[in-house]
Amino acid sequence: TLTIQRGEAEAFDITIVRDDIPVETVYGELDETGIAHFQITSFSENTANELETLIAEFDKQGMTGIILDVRQNPGGYLKAAIDISNLFVEAGKNIVQIQEKGQEPAAVTADNRVKYNLPITVLIDEGSASASEILAGALKESAGATIVGLTSFGKGTMQEILYMEDGANLKFTTGKWLTPDGNWVNEKGVKPDVEVKYPDYASLPYVDPAQTFEAGATHPMIQTAERILEVLGYNPGEVDTTFTDESADALKQYQEDQALIVTGVLTGETTYALMDAISEKLKTDDPQILKAKELLGGNKASSEE
């Protein structure tokens with residue numbers, strides 16, 4: 001039972017039912033050419049099952065190629081990375097090698113579960129770490145996958161958590177992991193087979209919708225807004241920190257095209273619309289995904305035991 005008070009109004013109670021909230025870590029879509037794009041946001045207890053369910057569903061729909069996207073994925077459970085690798089790595093081949101202090105590396109090999117013998121690419125970037133790198137390394141060296149994007153973070157160590165009697169916990173490093181071929185990527189990362197950088201507008205800073213900019217205004221955020229307009233096909237003049245009449249005219253045209261109130265003023269709903277538009281453009285024109293699809297184009301195969 002929650003007691004809620006809003007401002008100076010009288011407090012009131014609401015009774016709610018506690019429930020388990022599932023946290024999805026895999027998102028997938030199948031395009032018209034049969035190429036499936038799976039974004040894996042982290043490696044949790046259920047990640048491998050989530051991915052396998054989607055792959056099986058898309059396979060029935062005629063999936064011809066797979067993109068595994070672990071960009072900005074910081075890692076998670078080692079077992080999840082091994083289970084996912086097991087969907088693609090031929091039985092008996094190395095998935096990863098584990099080396100504890102003072103001991104020789106011990107290889108973890110693929111088992112006999114169903115394998116998806118499809119052309120595959122893996123997308124990585126500087127935010128792909130740990131379990132993401134294990135997956136990329138396994139598929140690159142043991143399944144012939146093509147790695148696309150930017151060099152990964154480079155975390156080649158493993159940790160365990162010891163839970164203490166007082167409720168505290170101690171997280172400590174227990175060993176390091178190596179790729180199937182015995183490479184240690186710590187502080188070096190997994191290098192892509194095909195390097196593809198993000199467009200410059202992918203890292204544009206935030207524009208605050210609470211700010212109001214009219215012709216004549218000067219502010220660093222204006223430069224971001226003008227660059228967004230330019231990327232979207234409008235001409236704001238010189239992209240700098242000054243909101244000129246030319247900038248206002250470009251914004252008016254954008255507002256008209258988007259059925260917004262035409263004011264030539266950058267604020268509120270217009271600012272939100274600009275940021276949503278550049279985000280959507282990055283999604284639809286993502287150069288790394290486009291390159292991955294290009295590499296997979298025209299290749300057809302099917303799952304096999």
Side-chain angles (χ1 to χ4, degrees), residues 21-76 80-81 83-89 114-128 131-133 135-136 138-140 143-150 152 192-194 196-199 201-203 231-232 273 275-304:
I21 308 300
V23 178
E24 294 183 354
T25 59
V26 181
Y27 302 87
E29 58 182 14
L30 184 69
D31 72 11
E32 64 281 357
T33 70
I35 295 175
H37 173 220
F38 300 101
Q39 182 184 16
I40 305 173
T41 59
S42 65
F43 290 82
S44 70
E45 191 173 0
N46 295 317
T47 300
N49 290 334
E50 289 180 49
L51 178 62
E52 191 167 9
T53 297
L54 276 175
I55 288 179
E57 177 184 330
F58 290 167
D59 195 41
K60 292 177 182 177
Q61 298 176 37
M63 179 174 61
T64 60
I66 293 175
I67 300 171
L68 291 182
D69 188 346
V70 291
R71 294 175 297 177
Q72 296 300 306
N73 182 330
D83 286 343
I84 292 172
S85 299
N86 248 318
L87 298 174
F88 308 102
V89 176
V114 172
K115 308 296 178 179
Y116 288 90
N117 185 22
L118 294 165
I120 184 168
T121 57
V122 182
L123 299 184
I124 61 172
D125 65 8
E126 63 271 36
S128 306
S132 293
E133 296 172 295
L135 177 63
L139 297 190
K140 174 185 175 72
T146 302
I147 311 299
V148 176
L150 302 171
S152 62
D193 299 303
V194 181
V196 180
K197 296 180 179 180
Y198 288 109
Y201 62 81
S203 56
V231 171
L232 295 177
M275 290 191 294
D276 287 345
I278 200 66
S279 177
E280 185 62 26
K281 181 173 180 60
L282 180 61
K283 180 180 177 182
T284 56
D285 296 344
D286 187 322
Q288 294 167 346
I289 292 179
L290 292 176
K291 173 55 71 172
K293 288 187 174 183
E294 177 188 326
L295 293 169
L296 293 172
N299 294 318
K300 296 183 180 293
S302 61
S303 61
E304 61 176 315

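The residues of the chain are indexed from 1 along the displayed sequence.
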*Check side-chain contact (heavy atoms from CB on, under 4.5 Å) between E45 and all other residues, then give those that pass, not counting sequence neighbours.*
Y77
*What residues, two or more places apart in sequence or in another chain, satisfy side-chain contact (heavy atoms from CB on, under 4.5 Å) together with L290?*
none
Taking the side chain from [X] and the backbone from [Y], do they hold a donor-acceptor pair closer than 3.5 Å?
X: S42; Y: G75; answer: no
X: D125; Y: Q72; answer: yes
X: K140; Y: T146; answer: no
X: D69; Y: F38; answer: no

Nearest non-hydrogen partners of [X] and [Y], listed with the distance:
X: P192; Y: G149; value: CG-O, 3.4 Å
X: A145; Y: D193; value: O-OD2, 3.8 Å
X: V196; Y: Q288; value: O-NE2, 2.8 Å
X: P199; Y: P287; value: CD-CG, 3.6 Å
X: F88; Y: I84; value: CD1-O, 3.4 Å
X: A136; Y: I124; value: CB-CG2, 4.0 Å

*asked:* For the residue pair T33 / D31, report whether a side-chain donor-acceptor contact shorter than 3.5 Å exists.
replied: yes
*Output all residues satisfying side-chain hydrogen bond (donor to acceptor under 3.5 Å, both in side chains) with E280, sequence neighbours left out; order by chain, then residue number.*
none
*asked:* Go through it in stages, so that I can follow the logic: the residues are R71 and D286, the test is salt bridge (charged side-chain N to carboxylate O under 4.0 Å, His left out), and I'd like the CA-CA distance, side-chain angles, deciding distance and then a yes or no.
replied: CA-CA 12 Å; R71 294 175 297 177; D286 187 322; 2.9 Å; yes
*Let me see the working for T25 and E50 under side chain to side chain donor-acceptor pair (under 3.5 Å), right down to the final yes or no.*
CA-CA 8 Å; T25 59; E50 289 180 49; 3.1 Å; yes
_Worked check of side chain to side chain contact (heavy atoms under 4.5 Å, CB included) between V70 and V122_ = CA-CA 7 Å; V70 291; V122 182; 4.1 Å; yes
*Checking side-chain contact (heavy atoms from CB on, under 4.5 Å) against F58, which of T64, T53, L30 comes through?*
L30
*Do K281 and D276 sit within salt-bridge range, that is, some charged N less than 4.0 Å from a carboxylate O?*
no
*Under 4.5 Å between any side-chain heavy atoms of V114 and E52, yes or no?*
no
